[in-house]
Amino acid sequence: MSDAIGRARRQELLQAIRAQPGDWTAGMAVRWYRANGWDVTRTVARADLGRLAAGGLLLALGPDNGRFYRLNTALDPRLGHGWQTPANAPNRVKHRPRRR
């Protein structure tokens, strides 16, 4: 399989995770892939989630046998790379979110 197809598949998965944030497991990714026309195995879904986590777009949480992934909001470019501005505050000041 070409790497371009893998990149497109991972990009679609990342868009789905951004649209529905929360904890994503490999099983959830397999179900999403199959519902959207991708015929992939659990191993491929696990590898895709791992590559997205290695790129810093997702956070890998939990033990190896119960791993789940969450969107890394601190590095999400749509949120301004971690800078936040409080809405409807009289004196708006940019600040960095606390790291957990």
Side-chain angles (χ1 to χ4, degrees):
M1 184 179 305
S2 86
D3 193 42
I5 294 172
R7 279 195 304 267
R9 185 183 62 232
R10 285 187 295 276
Q11 189 63 32
E12 285 187 29
L13 178 63
L14 182 60
Q15 289 173 359
I17 293 172
R18 284 178 175 154
Q20 189 178 4
D23 297 341
W24 281 68
T25 62
M28 292 171 65
V30 168
R31 286 191 296 276
W32 183 87
Y33 275 142
R34 290 186 179 159
N36 289 285
W38 295 98
D39 186 29
V40 299
T41 62
R42 186 177 180 85
T43 303
V44 171
R46 189 179 300 128
D48 284 351
L49 289 167
R51 285 188 72 170
L52 290 171
L57 298 168
L58 299 179
L59 299 172
L61 305 166
D64 288 341
N65 62 350
R67 178 80 29 107
F68 60 93
Y69 298 86
R70 191 176 294 157
L71 189 62
N72 188 357
T73 55
L75 296 179
D76 192 353
R78 297 175 309 132
L79 299 176
H81 297 289
W83 287 93
Q84 298 176 358
T85 304
N88 299 327
N91 297 321
R92 294 181 180 178
V93 177
K94 288 187 174 183
H95 64 280
R96 283 235 178 246
R98 291 185 201 160
R99 297 218 178 232
R100 296 179 191 190

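Because the structure is a prediction, the values reported are computed rather than measured. The first residue of the sequence shown is numbered 1, and numbering continues consecutively from there.
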Worked check of side-chain contact (heavy atoms from CB on, under 4.5 Å) between Arg7 and Asp3: CA-CA 6 Å; Arg7 279 195 304 267; Asp3 193 42; 2.6 Å; yes

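- For Ala60, the side chain to side chain contact (heavy atoms under 4.5 Å, CB included) criterion is met by Ala53, Arg67, Tyr69, not counting sequence neighbours.
- Grouping the Ile, Leu, Val, Met, Phe, Trp and Tyr side chains by contacts below 4.5 angstrom, directly or via other members, places Met28 apart from Val30.
- The shortest distance between side-chain heavy atoms of Leu13 and Asn36 does not fall below 4.5 Å.
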Leu71 and Leu57: CA distance, side-chain angles, deciding distance, side-chain contact (heavy atoms from CB on, under 4.5 Å) verdict: CA-CA 6 Å; Leu71 189 62; Leu57 298 168; 5.7 Å; no

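- Applying the side chain to side chain donor-acceptor pair (under 3.5 Å) test to pairs two or more places apart or on separate chains, those with a residue in residues 24-34 are Tyr33-Asp48.
- Each salt bridge (Lys or Arg N to Asp or Glu O under 4.0 Å) pair with one or both residues in residues 21-30, not counting sequence neighbours, appears once here: Asp23-Arg70.
- One distance of note links CG of Leu59 with CG of Asn72; it measures 4.0 Å at 0.5 Å rounding.
- Residues passing the side-chain hydrogen bond (donor to acceptor under 3.5 Å, both in side chains) test with Glu12 are Trp38, sequence neighbours excluded.
- The distance from atom CG of Leu58 to atom CZ of Arg51, rounded to the nearest 0.5 Å, is 13.0 Å.
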